[in-house]
Amino acid sequence: MDEQKVYEILSVVEEIPSGKVATYGQIARLTGQPNQARLVGRILSRADHYGDYPCHRVVNHAGRLVPGWSSQKSLLEAEGVPMKSDTHVAINSCKWES
DNA sequence: GTCATGACTGAAG
DNA sequence: GCTTCAGCCATGA
């Protein structure tokens, strides 16, 4: 894995303002590769290997939270992100527009 | 080298 | 809302 790409993605994640969320596909597009959403997810799952980033502000295209990551909901609520349900954020209200 | 897996996406039922 | 199917690609066995 090219670290250049990793930091490029992480730097975008870092720009997500508090109270907003972004999707994997959106980040992939911002880094110039619309078909690499999966890579973004991979990198974030191992983000601790590269540094500390607000990866909880990144959700899938439907606003669904990461399965098995129980603390993500709490982290988002703490930043004022509106929750639609236990497993989804109100993506329509807090979607990050760059 | 091959195969299965996964924090994804979009279309379709 | 849900699942299934078909693309995408890096990682680990």
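All chains are named by letter (A, B, ...) in the order of the sequence lines, taking the proteins before the strands, and each is independently numbered beginning at 1.
Separation of atoms OH (A:Tyr24) and CG (A:Leu39) is listed at 12.5 Å; rounding is to 0.5 Å. In this structure, the separation between CD on A:Glu3 and CD1 on A:Ile43 is 11.0 Å, given to the nearest 0.5 Å.
Side-chain contact check for A:Gln26 and A:His61: no donor-acceptor pair (N or O, by modelled atom type) lies under 3.5 Å.
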Give the dot-bracket line for DNA chain B from 5' end to 3' end: parentheses for intra-strand Watson-Crick or G-U pairs under 3.5 Å, square brackets for crossings, | for inter-strand pairing, dots for unpaired. .|||||.||||||
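You'll find that the side chain of A:Leu44 is closest to B:dA7, out of B:dA7, B:dG10, C:dG1.
Ion pairing between A:Arg57 and A:Glu79 holds under the 4.0 Å rule for side-chain N and carboxylate O.
Taking both residues in full, the closest heavy atoms of A:His88 and A:Ala62 are given as CD2-O, 3.9 Å, listed atom of the first, atom of the second, then distance. Considering all non-hydrogen atoms of both residues, A:His56 and A:Leu76 come closest at O-CD2, 3.2 Å.
In this structure, A:Asp86 atom CG and C:dG1 atom P are separated by 14 Å, rounded to whole Å. One interatomic measurement links the two molecules: CD1 of A:Ile27 to P of B:dA7, which rounds to 16 Å at whole-angstrom precision. Distance CD1 (A:Ile91) to C1' (B:dC8): 14 Å, rounded to an integer number of Å. At whole-Å resolution of the value, NE2 in A:His61 and P in B:dG6 are 18 Å apart. Per the geometry, CG belonging to A:Leu75 stands 17 Å off P belonging to B:dA7, to the nearest Å. In this structure, CD1 of A:Ile9 is placed 16 Å from P of B:dA7, rounded to the nearest angstrom. Rounded to an integer number of Å, the gap from CD of A:Gln26 to P of B:dG10 is 11 Å.
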Evaluate the side chain to side chain contact (heavy atoms under 4.5 Å, CB included) criterion for residues A:Trp69 and A:Cys55: first the C-alpha distance (whole Å), next the side-chain angles of each, then the deciding distance (0.1 Å), finally the verdict. CA-CA 11 Å; A:Trp69 190 6; A:Cys55 40; 3.9 Å; yes
Test A:Ile9 against A:Ile27 for side chain to side chain contact (heavy atoms under 4.5 Å, CB included), laying out the working first. CA-CA 7 Å; A:Ile9 291 174; A:Ile27 292 175; 3.8 Å; yes
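Between C:dG7 and B:dA7, the two P atoms lie 22 Å apart (nearest whole Å).
Between A:Trp96 and A:Val21, the closest side-chain pair of non-hydrogen atoms is not below 4.5 Å.
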Protein within reach of the bases, or only the backbone? For nucleotides 3-13 of chain C, mark each nucleotide 5' to 3' as B, S or -, using heavy atoms under 4.0 Å. ----BBSSSS-
